[in-house]
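Just below is one structure, and these are the notes that go with it.
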Amino acid sequence: MPAPTALEKAPGPIAESSPQQVSEIEDEVLIDASASAPINASAAVTAIEVTAEGTAMQIDEEGRPRFAPAKPSTIRSKSESRKVAIPPHRMTPLKNIWPKIYPPLIEHLKLQVKMNLKDRAVELRSSKLTTDTGALQKGADFVKAFALGFDIDDAIALLRLDDLYIETFEIKDVKTLTGEHLGRAIGRIAGKDGKTKFAIENTTKTRVVLADQKIHILGGFQNIRMAREAIVSLILGSPPGKVYGNLRTVAARQKERF
């Protein structure tokens with residue numbers, strides 16, 4: 001017959017036992033529990049790994065899961081296309097300088113390019129070799145900049161720098177001018193032999209294109225704002241000498257800033 005345990009030796013309920021007997025009972029119960037069911041950390045990890053459906057998941061010392069690196073996705077993105085219309089007066093320059101236009105689009109952006117003579121447009125399409133998600137938009141901006149009248153070297157800067165933009169506005173957006181008043185406003189913007197326009201470009205580090213009543217500005221956000229303010233002043237009738245003075249102030253501030 002097995003020996004009676006501490007619970008059987010107690011004369012009555014545990015509440016009626018002495019404090020010494022209660023402590024002996026607790027010690028014996030704790031020792032029996034630890035001896036009969038030891039905790040196995042490796043078994044717990046193995047159980048978690050078995051429940052994971054075919055995934056190589058591991059548990060670190062702090063109990064956090066460790067996942068295997070993600071496999072590269074094999075899903076192919078759908079090819080997109082973009083068509084940029086070319087004005088009639090820019091078709092001949094486009095044909096002459098085409099050998100300089102398509103290499104940056106093909107080699108740098110990994111796009112497919114086609115000149116559509118029937119529709120007078122340049123068609124761009126992404127391929128499986130295109131890695132940059134914004135390559136199609138950059139290519140369209142590059143072709144559009146050339147179509148607006150910018151030099152090819154200035155348009156290529158749109159592909160290399162991310163903080164360049166093109167802003168377009170008309171003279172009538174600033175002030176409604178007709179006849180000789182409109183011609184004089186355009187003359188004030190251009191200046192004699194284009195000196196005023198060149199001064200605005202060099203001071204604000206932008207490029208300006210005068211296309212009849214439309215004005216296109218290429219540059220950074222702050223630089224475009226300064227160039228636009230100078231051109232608006234000329235449209236409103238400010239003399240070029242006053243605009244030159246303001247440009248000198250802007251140039252001095254930029255030198256102090258840098």
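Given the structure is predicted, the values throughout are model-derived calculations rather than measurements.
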Is Asp132 paired with Lys110 through a side-chain N to carboxylate O contact shorter than 4.0 Å?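 No.
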
Should the pair Glu167-Arg228 be classified as a salt bridge under the 4.0 Å nitrogen-to-oxygen rule?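 Salt bridge between Glu167 and Arg228, a charged N being under 4.0 Å from a carboxylate O: yes.
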
Could you state the interatomic distance from [atom1] ([X]) to [atom2] ([Y]), rounded to the nearest 0.5 Å?
X: Lys100; Y: Ile156; atom1: NZ; atom2: CD1; result: 8.5 Å
X: Leu111; Y: Ile106; atom1: CG; atom2: CD1; result: 9.0 Å
X: Lys114; Y: Lys83; atom1: NZ; atom2: NZ; result: 8.5 Å

Residues, nucleotides or ligands: over 12 heavy atoms within 6.0 Å of [X] [atom1]:
X: Arg120; atom1: CZ; value: no
X: Arg125; atom1: CZ; value: no
X: Lys197; atom1: NZ; value: yes
X: Glu80; atom1: CD; value: no

Does Ile152 reach the side chain of Ile101, with side-chain heavy atoms less than 4.5 Å apart?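 Result yes, sub-4.5 Å side-chain heavy-atom pair found.
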
Taking the side chain as C-beta and beyond, is there a heavy-atom pair between Ile231 and Val174 under 4.5 Å?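 No, every pair of side-chain atoms sits at 4.5 Å or beyond.
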
Check: [Y] main-chain N/O paired with [X] side-chain donor or acceptor under 3.5 Å:
X: Arg188; Y: Pro240; value: no
X: Ser238; Y: Ser233; value: yes
X: Thr249; Y: Gly245; value: yes
X: Asp173; Y: Glu170; value: yes
X: Asp193; Y: Lys195; value: no
X: Asp154; Y: Phe150; value: no
X: Thr130; Y: Ser127; value: yes
X: Asn202; Y: Phe198; value: yes
X: Glu201; Y: Arg207; value: no

Carefully, step by step, assess Leu218 and Thr206 under the rule side-chain contact (heavy atoms from CB on, under 4.5 Å). CA-CA 6 Å; Leu218 169 65; Thr206 57; over 6 Å; no

Taking all non-hydrogen atoms of both residues into account, name the closest pair between Ala227 and Ile200 and its distance.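 Smallest heavy-atom distance, with atoms named: CB-CG2, 4.0 Å.
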
